[in-house]
Every structure is written in structure tokens, then in C-alpha cells.
Amino acid sequence: MSKPVRVRFAPSPTGPLHIGGVRTALYNYLFAKKQGGTFILRIEDTDQTRYIKGAEEYIQEALKWSGIVPDEGPEKGGDYGPYRQSDRKAGYGKFVQQLIDEDKAYYAFDSAEELTEMREQAKKAKMPNWQYNSITRNSMKNSLTLSKDEVQAKLDANEPYAVRIKIPRNEEVRFHDTIRGWIVVNTSNLDDKVIFKSDGMPTYHMANVIDDYNMKISHVIRGEEWLPSAPLHVLLYRFLGWEDAMPEFAHLPLILKPDGNGKLSKRDGDRLGFPVFPINWKNPETGETASGYREQGYFPEAFTNMLAFLGWNPGSDQEIYPLQDLIDAFSLERVGKAGAKFDAKKTVWFNEQYLKNTENKKLAELLVPVLKEQEIEFNTAQLPSICGLLKERASFLTEMVQNGLYFFKAPNEYDEKTINKKWKENAPHIVEDLKAAFSRTDYTAQSLKEAFETYLAQNELSFGKAGPVLRVAITGSGMGPSLFDICAILGQKEVESRINKALKELP
RNA sequence: GGUCCGUUCGUCUAGGGGUUAGGACACCACCCUUUCACGGUGGAGACACGGGUUCGAUUCCCGUACGGACUACCA
């Protein structure tokens with residue numbers, strides 16, 4: 001029997017989460033829920049210099065909006081806390097010491113300046129990739145080259161130091177990746193990475209391994225950018241004596257920019273005409289706001305549906321998968337290997353699908369705050385049927401309001417194109433006649449339609465002669481839903497008043 | 001440069017040793033409709049290249065090309 005599924009999403013609070021990060025969180029969440037496991041949020045704030053105020057709150061809110069709710073995390077708590085690495089600071093030292101004592105890591109006293117100097121020298125000597133490794137460490141300032149007394153003296157004098165892992169010379173590191181299969185790397189290509197910084201905090205690599213072990217993480221599902229450092233992490237598990245408890249790895253393909261090349265980044269902001277963030281992010285330094293999917297009017301489930309399909313698919317022809325359906329269908333085996341270019345148009349399409357599939361009553365509820373915000377007066381009872389007509393021709397809730405403003409107030413302008421083309425000298429008569437004909441009906445869509453058709457027949461007019469004219473008089477627009485539905489909703493009084501107004505304003 | 005990962009229509013992808021290589025978005029045409037959408041029907045559009053293995057490779061193997069990630073006391 002395998003161990004219980006426990007996965008974590010481990011962002012660093014250095015800014016807003018972008019959609020790639022959200023997708024990683026989503027896959028972790030879907031996997032956990034599908035397996036009946038636990039989804040954990042852990043904040044990786046080992047780099048205090050990069051800490052951005054508000055970033056952690058942003059992450060929590062973004063996940064909440066997306067419906068990706070952690071079972072354990074800094075907000076929720078849990079049995080394996082704390083869930084912020086800065087709060088776990090005290091726990092890392094002993095493992096670092098253990099590695100040093102077992103000759104698997106060593107003190108390094110080289111300053112940042114010395115290292116930079118070293119790299120520049122190497123570059124000049126046409127060695128573009130200088131590494132602190134099994135060869136170069138012999139000529140550096142560390143506990144391998146210094147005598148025991150010298151090291152102790154430096155330590156006693158509180159000289160700053162980092163701790164580096166002592167990568168073995170020529171060994172093969174093998175590990176299995178759920179998405180990519182077996183991966184083999186020779187340790188000669190690895191460098192002696194710093195695992196403990198001079199500021200007293202572990203680096204990501206060390207903290208990540210220790211925390212995953214202590215939190216009993218069963219699967220590490222993260223972006224492909226971590227693949228190159230995975231062998232280091234495997235080595236760390238081995239050195240710490242935890243290889244048996246090592247999680248299974250799954251490295252996700254990247255989300256790529258739609259234009260050109262490379263992975264989508266936070267810096268792409270709104271540059272490409274679509275948001276890269278789940279919710280608005282106000283940069284505390286510049287005061288600028290980068291837009292988010294929530295504020296653009298996306299349904300959270302359209303957003304997660306779209307995201308899930310960027311790199312994964314259920315193997316069926318169905319594409320609309322609300323969150324619970326995603327959970328039911330999800331498996332890591334069906335995640336692809338190749339990076340996926342982001343497609344903003346398809347994203348809009350997903351939202352349209354959810355808009356059309358949402359019940360009119362529900363849509364009406366969602367529309368109320370939008371209308372209130374725009375100070376548009378409305379009749380609550382009419383809202384559901386208005387939504388029913390408008391949702392077929394909009395991508396977003398807000399767009400419904402824009403397109404259907406005439407449901408809420410009489411037009412002040414009349415579409416010029418339609419006027420020029422259709423509003424001929426007999427137009428006022430037609431409209432006047434129709435007003436009268438309509439007034440003899442009960443103002444249901446059906447009876448209005450019948451009255452309209454009877455009028456056409458009696459006067460030998462085509463639909464195209466009368467329809468657009470009446471439409472533009474009542475709505476100001478040349479297009480939209482069925483005219484009879486519109487008139488039925490507006491009611492006799494309003495329709496007549498609008499016709500009167502149009503007759504006054506139009507030639 | 002080095003290491004690692006990848007490559008099916010423009011995009012997201014299904015598939016897999018023998019298929020008319022399937023679907024979706026976008027695009028085009030037609031139908032429906034007073035109009036705009038929705039919807040429907042149809043169209044154009046892909047296995048990067050070269051070697052193997054095989055009766056047969058888009059599918060398996062090896063190269064090449066191209067793309068990407070990583071290459072910090074950042075995560």
C-alpha cells in the first residue's frame with residue numbers, strides 16, 4: 001500500500017502569482033482531491049531580500065477566488081505547521097550540521113565579491129560556466145582547504161560563511177519523473193550549491209527537501225524549471241538518509257508566451273492584450289495595477305477549466321469541465337511533456353461557454369452588482385429574461401450590460417449606419433402604424449409578432465423594410481435579440497414612449 | 001558554451017507500427033435569422049529532417065535541426 005497522498009504548492013511571496021503558478025497549484029489540488037489526499041500551501045520565504053508586501057495575501061486570495069482551497073496552510077493551519085519557511089527557521093540548522101559532520105557539506109568563506117571575481121576571470125579565459133565544484137573547491141576558501149583550526153577561528157570570529165553541499169565526483173543520479181520517465185544525470189555536471197546562506201537561512205533547495213520530508217509530502221508537482229535542480233534534491237534526500245521517503249516527482253511543462261518564444265512571465269503583464277494574473281495586482285512600488293482574470297469578468301471555473309487544459313486533457317472530446325469534473329477526470333499521466341503557448345482567444349471562448357451554461361436567474365444575481373456600480377436602474381423581475389437574451393451574444397457579464405443598455409434606458413443616439421440605410425421617408429409612418437397595431441395586442445412576444453406580420457401582409461411590406469426601422473427606433477441599435485422579445489420585456493408604455501421620442505428626433 | 005527537457009494543423013491537443021491522422025479555438029463558405037449572435041453543415045490546415053529496425057513507420061531506436069528550461073549565498 002502506498003503512503004497517503006500529500007502534495008504542496010510552494011510559492012515564494014516575491015510578487016503576484018501568475019497563471020503558470022496558478023496552474024501548478026491547480027494540478028496539485030486536482031491530484032490531491034482525486035486521490036483523496038491533502039493539498040498544502042507552503043510559503044517559501046527564505047529570501048528576505050525579495051519579500052514583497054502583500055504578495056502572500058495576494059496568493060491566498062487568488063487561490064480562494066480560483067476555488068483552489070488548501071487543506072493545510074498558513075491561514076488554515078494544520079498538523080505539520082508552521083507553513084511559512086521563515087517560521088521554520090530554527091528547524092533547518094541541525095540538518096545542515098548533520099551534513100557537515102558527515103562530510104557531505106562544508107563551510108565556505110568566499111565572499112560574494114570573490115566569487116564574482118572568480119567567474120569573471122573564468123569568462124575571460126573562455127570558460128563561460130565557472131562552477132564551484134569538486135575541482136574548483138580545492139582552490140577556494142572553505143573547510144576543505146583550510147585547516148581545522150583556521151576554520152574554527154573563522155567561526156569563532158563570526159566571519160560570515162555559507163554551507164555548500166559536497167557533490168560527489170562522478171556518480172550517476174537517477175530518479176523517476178511521472179511525466180517524463182527516468183532521468184539520469186552525472187554528478188560531474190552538478191555544482192556545490194549553497195544550501196545554507198550567510199544570513200542564517202537555508203536556500204530553497206535545502207528548505208524544500210527538509211520541509212517536504214517533515215510534512216510527509218508524497219508527490220512533488222512543480223514546473224519544469226525545477227528539473228535541472230531535481231538531481232541535487234535527490235542527492236540531498238540521500239545524504240540526509242531519507243531516500244526511502246523521497247517523494248515522486250512530476251515536472252510540469254511550461255506555459256509559453258503566445259508571441260515569440262520563452263515562458264510566460266510576470267513581466268508580460270498586459271503587454272499581450274490579456275492578463276497574466278488571476279486577480280488584479282497593484283504593484284506597491286510603482287502603484288501600477290496589472291489586470292487579473294477576476295476583474296476582467298471571467299468565471300473562476302472558466303479560468304480553471306482553461307488553465308487545466310493547458311498541458312492536460314482528459315482524452316475525450318469534451319472540453320467543458322467545471323472544477324469538480326476536473327477533479328474526477330484528472331491524472332498526472334495525461335499531462336503532456338511539451339510547453340503550451342497561451343491562447344487568449346480560447347480563454348474567451350471558455351468564458352462564453354460558462355456564460356451560456358449559467359442559468360438566467362443566477363446570471364441576474366451576478367448582474368445586479370454590475371448594474372448598481374454603473375448606476376443603472378433596473379427591474380429585478382425582468383433581469384432573468386434579459387440575461388437569457390443577452391448571454392447568447394456576449395463573452396462576459398459586463399459585456400451583456402454594454403450590449404443591452406437599451407433594456408434599462410431609452411436610447412439617446414441612433415445607430416447612424418442603420419438610419420442611413422433603412423430610415424426612409426415612410427419610416428415614421430411604419431413606426432407609427434406599428435405602435436398602433438401593437439397597442440391592440442396583449443404585448444406578449446407572440447402576439448406582437450403576429451400583429452407585426454399581419455401589418456406587413458396588409459401593407460405588402462417585407463420584414464426587412466419594417467423590422468430594422470422599428471428596432472432602431474426602440475433600441476437605437478441595428479442589431480440585437482428578437483425585437484418582439486425586447487418589446488415584451490420593455491412593455492407597452494415604454495415602447496410607445498420610445499417610439500414617440502424617436503419620431504421627434506429622427507427626420 | 002555546458003547539462004537537462006521537448007517537437008502532430010496558426011494555437012490547444014487526441015491517437016498510435018497498417019487510420020480518409022480525430023476534436024476544439026481561430027479562419028473561410030453556406031444554412032438558420034428582420035439584424036447581431038447562438039446553433040448547424042461543410043472547407044482549408046499538421047505527424048521537423050535524415051538514417052536505421054520492420055513486410056510496413058507519424059508511432060520504436062539513433063543522429064541532426066529547431067525550440068525551451070537551468071546554469072546566484074533567487075525561488
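Naming: A, B, ... by sequence-line order, numbering from 1 per chain.
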Pairing check on B:U19: which nucleotide meets the Watson-Crick or G-U wobble criteria with it, both distances under 3.5 Å? none
With a 4.0 Å cut-off on heavy atoms, is A:L190 in touch with a base, just the backbone sugar-phosphate, or nothing at all? nothing
A:D192 side chain to A:I167 main-chain N or O, any donor-acceptor pair under 3.5 Å? yes
With sugar-phosphate meaning primed atoms plus P, OP1 and OP2, does A:R471 contact a base, only sugar-phosphate, or nothing at under 4.0 Å between heavy atoms? base
Across the strands shown, which category fits A:K263 at heavy-atom distances under 4.0 angstrom: base, sugar-phosphate, nothing? sugar-phosphate
Sugar-phosphate, base or nothing in reach of A:K356, heavy atoms under 4.0 Å: sugar-phosphate
When we call it a touch if two heavy atoms are under 4.0 Å apart, what does A:R222 touch: a base, just sugar-phosphate, or nothing? nothing
5'-most by nearest nucleotide on RNA chain B - A:Q131 or A:Q85: A:Q131
For a quick check of understanding: with a heavy-atom distance under 4.0 Å over all strands, which category does A:G311 fall into, base, sugar-phosphate or nothing? sugar-phosphate
Looking across every strand, which nucleic acid part, if any, lies under 4.0 Å from A:S198 by heavy atom: base, sugar-phosphate, or nothing? base
Heavy atoms only, 4.0 Å cut-off, all strands: where does A:N186 land among base, sugar-phosphate and nothing? nothing
Could you check whether A:E248 and A:T178, counting side-chain N and O atoms only, form a donor-acceptor pair closer than 3.5 Å? yes
Under 6.0 Å between ring centres: does that hold for A:Y321 and A:F309? yes
Rounded to whole Å, please give me the gap between CD in A:E224 and C1' in B:C4. 9 Å
For a quick check of understanding: with a heavy-atom distance under 4.0 Å over all strands, which category does A:N129 fall into, base, sugar-phosphate or nothing? base
Base paired to B:U41 (Watson-Crick or G-U; both N/O distances under 3.5 angstrom): B:A29
Heavy-atom closest pair, residues A:F438 and A:A451: CD1-CB, 4.3 Å
Nearest-angstrom distance from the residue atom CG of A:L363 to P of B:C38: 17 Å
Would A:W349 count as stacking on B:C25 if stacking means ring centres less than 5.5 angstrom apart and planes tilted under 30 degrees? no
